[in-house]
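Below is one structure, written out as structure tokens; the observations come after it.
Below, all heavy atoms of this structure are taken into account, side chains as well, without hydrogens, waters or symmetry copies. In the text below, chain A, chain B and the rest are named by the order of the sequence lines, each starting its count at 1.
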Amino acid sequence: MNTHTSSVTAAEPTQKASFSSRFHVRSISGLIGLILVGFWLVISVIGPMLSPYPPNDFVSNTVFGPMSMKHFFGTDYLGRDMFSRVLAGTPYTIGVALAATVAACLAGVISGLVAAAATSWVDMTISRTQDALISIPSKMFALIMVASFGSSVPILILTAAIAYMPGSFRIARSLAVNVMTLDYVQVARLRGESMPYIIFKEVLPNMFRPVLTDFGLRFVFIVLLLSAMSFLGLGIQPPEADWGSLVRENIGGLSSGAPAVIMPAIAIATLTIGVNLLIDSIGSKSVQH
Amino acid sequence: MNKTVLRLIINRIGLGILTLWIVSLVVFFITNLLPGDAAQELLGQASTVQTLDALRAKLGLDLPLYVRYFHWLGGMLVGDAGTSMVNGIPISQLIWSRLPNTLLLAAFVTLVSVPVAMFIGIVSAMYRGSWFDRYINILAVCAVSVPEFLIATIAVLIFAVKLGWLSALSHIENAHTFGEMLKVFAMPVLTLCSVLVAQMARMTRAAVIDQLSSSYVEMALLKGASPIRMVLRHALPNAIGPIANAIALSLSYLLGGVIIVESIFNYPGIATLMLNAVSSRDMPLIQACAMLFCFGYLVMVLMADISEIVSNPRLRK
């Protein structure tokens, strides 16, 4: 389920009849995506500075308090300020996922390039291993890792990176194999350029846009995976909390419709939908070029 | 079925078995990488060197890692996954008591999601670019981007808390009549379906559009075939392969989704069994559940591959 959703959106043929109206909607949704992603990236850096209360202090006597001017997002199950806690959770949700995505894509692209450039035997070994890794559902892999090594932040990053590396590898390898057969790469080979030169100067720059789109998708999957793990109580451990843990710890407020359980869930949804809208618009642009 | 098709399918099954073997290596060695073993865990603080050694010998933990791996693998192959470290019950017994529930849930989800997704996918392909198509697309993007637990909690909020129609937990043992079954399964099935339908509908749409842009469909159009005939008679039969592929791949998503859904609704399936095993660090049970899930996943992917091979007209006689 990792790779094909992207290919479906990217393979959108441009239709003649309603092309202009379609493009219009697309670019508006792309703009919304850009704004959402930009907003959350800024918040993840400056968020903790905006926090009106210390996120772990008990500041109110009412638990699951409503939204008010004093507490924008209400209070949580212990009477802590929810707005401050969501802000404090931002670096965990976004930072950890971003680190894991960078690691997954780096490892995937590097092994993809090596497999594409190496002899068939090396290619075969790498491809088989990656295929086996992709056959372990990501949540299953995360459960095995957490059961074996506990759930610290480095383990979570490593887990998500390994779980989503094979998808990145597949895309990078198939792109690189295609580019390798193009004339200018053949010319560079005949010129006697070294393999690293060919990979970094000729092949890599021509894979940039699809790899970037893939990066965005992978980021969404990793945010969802890590939130799900935190929601199960197997991700970021207290006293630290990411948005998934915030939903989990305030789930008791669901029956009263408390903002404490709704706001972190909305935060996750706006982040992931934002990234997806942005990718969708980048994807459709690349088709037109 | 001719020889080429048969050979391709056997080839694919062989690759699947090879992959499953590598998966077993990964699962076994990750769960055995850390120092500290079952014997220490079982005896706890009260252990002495002698009791530890005795228990290790009894459990076979004094053997080298690779020997234990082959013991374990051999056991898995004949359906004997050992006993649970927490309560000493044979793992196969634990799994058999839970597996039918998970399969029942999966069957319900498949029955609901496949027709709905096919319908949405085909209609939005026929009227591509229309407002229906566009809003379905945006809805689908939203459905695949939000976590399952969000959909589940919203469903609980609406149907259990506000409307009071359904119970927030799945008490499967109380379901005797068909109506009660519906009540128990409504929310878990709804949650799993929302993501599945979105994925399958997008892939179905892409497959049908792919066929609609081909020259033989244009030919049918020039002959004066109606749009509905064009889609149902000409495009759809040729899109069946990619669609079956899409369905199998999407259903493999179920295996990840049930982990969250079973846990939220406290549904007594394999996933909750595995989650309990993770929190109590019951390694043999974790290994067995993980292998079962990976096996299921591989079977789905294999079915996707095979449906693509079988439906390829170039490979037919």
> Does the distance from a Lys or Arg side-chain N to an Asp or Glu carboxylate O, for B:Asp133 and B:Arg128, drop under 4.0 Å?
Replying inline: no
> Given that the side chain runs from C-beta out, which part of A:Ile251 has a heavy atom under 4.5 Å from chain B: side chain, backbone, both or neither?
Replying inline: side chain
> Which region of B:Ser263, side chain (C-beta onward) or backbone (N, CA, C, O), has a non-hydrogen atom less than 4.5 Å from a non-hydrogen atom of chain A, or is it both or neither?
Replying inline: side chain
> Taking B:Ser24 for the side chain and B:Trp21 for the main chain, is one N or O donor matched with an acceptor at less than 3.5 Å?
Replying inline: yes
>> Need one label for A:Leu143: side chain, backbone, both or neither, based on atoms under 4.5 Å from any heavy atom in chain B.
In response: both
>> Taking A:Glu249 first and then A:Arg85, would you say they form a salt bridge - that is, a charged N and a carboxylate O separated by under 4.0 Å?
In response: yes
>> Report which part of B:Gln287 has an atom under 4.5 Å of a heavy atom belonging to chain A: side chain, backbone, both, or neither.
In response: neither
>> What I want to check is whether the side chains of A:Ser138 and A:Tyr164 have a donor and an acceptor closer together than 3.5 Å.
In response: yes
> Which region of B:Leu20, side chain (C-beta onward) or backbone (N, CA, C, O), has a non-hydrogen atom less than 4.5 Å from a non-hydrogen atom of chain A, or is it both or neither?
Replying inline: neither
>> Quick check for you: among B:Val146, B:Leu298, B:Leu18, which has the greatest number of heavy-atom pairs under 4.5 Å with chain A?
In response: B:Val146
> Given that the side chain runs from C-beta out, which part of B:Val301 has a heavy atom under 4.5 Å from chain A: side chain, backbone, both or neither?
Replying inline: neither
> Between OG of A:Ser44 and CG of A:Leu98, what distance do you get to the nearest 0.5 Å?
Replying inline: 8.0 Å
>> Can you tell me which portion of A:Ile273 sits under 4.5 Å from chain B's heavy atoms? Options are side chain, backbone, both or neither.
In response: both
> Checking A:Leu224 against chain B: side chain, backbone, both or neither under 4.5 Å from a heavy atom?
Replying inline: side chain
> What do you reckon, is OH of B:Tyr127 surrounded by more than 12 foreign heavy atoms closer than 6.0 Å?
Replying inline: no
> Relative to chain A, which segment of B:Met300 carries a heavy atom at a distance below 4.5 Å: side chain, backbone, both, or neither?
Replying inline: neither
> Going by distance alone, is a donor N or O of one side chain under 3.5 Å from an acceptor N or O of the other, for A:Asp242 and A:Ser230?
Replying inline: yes
> Among B:Cys142, B:Gly257, B:Gly296, who wins on heavy-atom pairs under 4.5 Å with chain A?
Replying inline: B:Cys142
> Is it the side chain or the backbone of B:Ile154 that comes within 4.5 Å of chain A heavy atoms, both, or neither?
Replying inline: neither
>> I'd like to know if the side chain of A:Ser151 and the backbone of A:Gly235 have a donor-acceptor N/O pair within less than 3.5 Å.
In response: yes
> Is the B:Tyr69 ring parallel, tilted or perpendicular to the B:Phe28 ring (thresholds 30°, 60°)?
Replying inline: perpendicular
>> Please classify the contact between A:Leu234 and chain B as side chain, backbone, both or neither, with a heavy-atom cut-off of under 4.5 Å.
In response: side chain
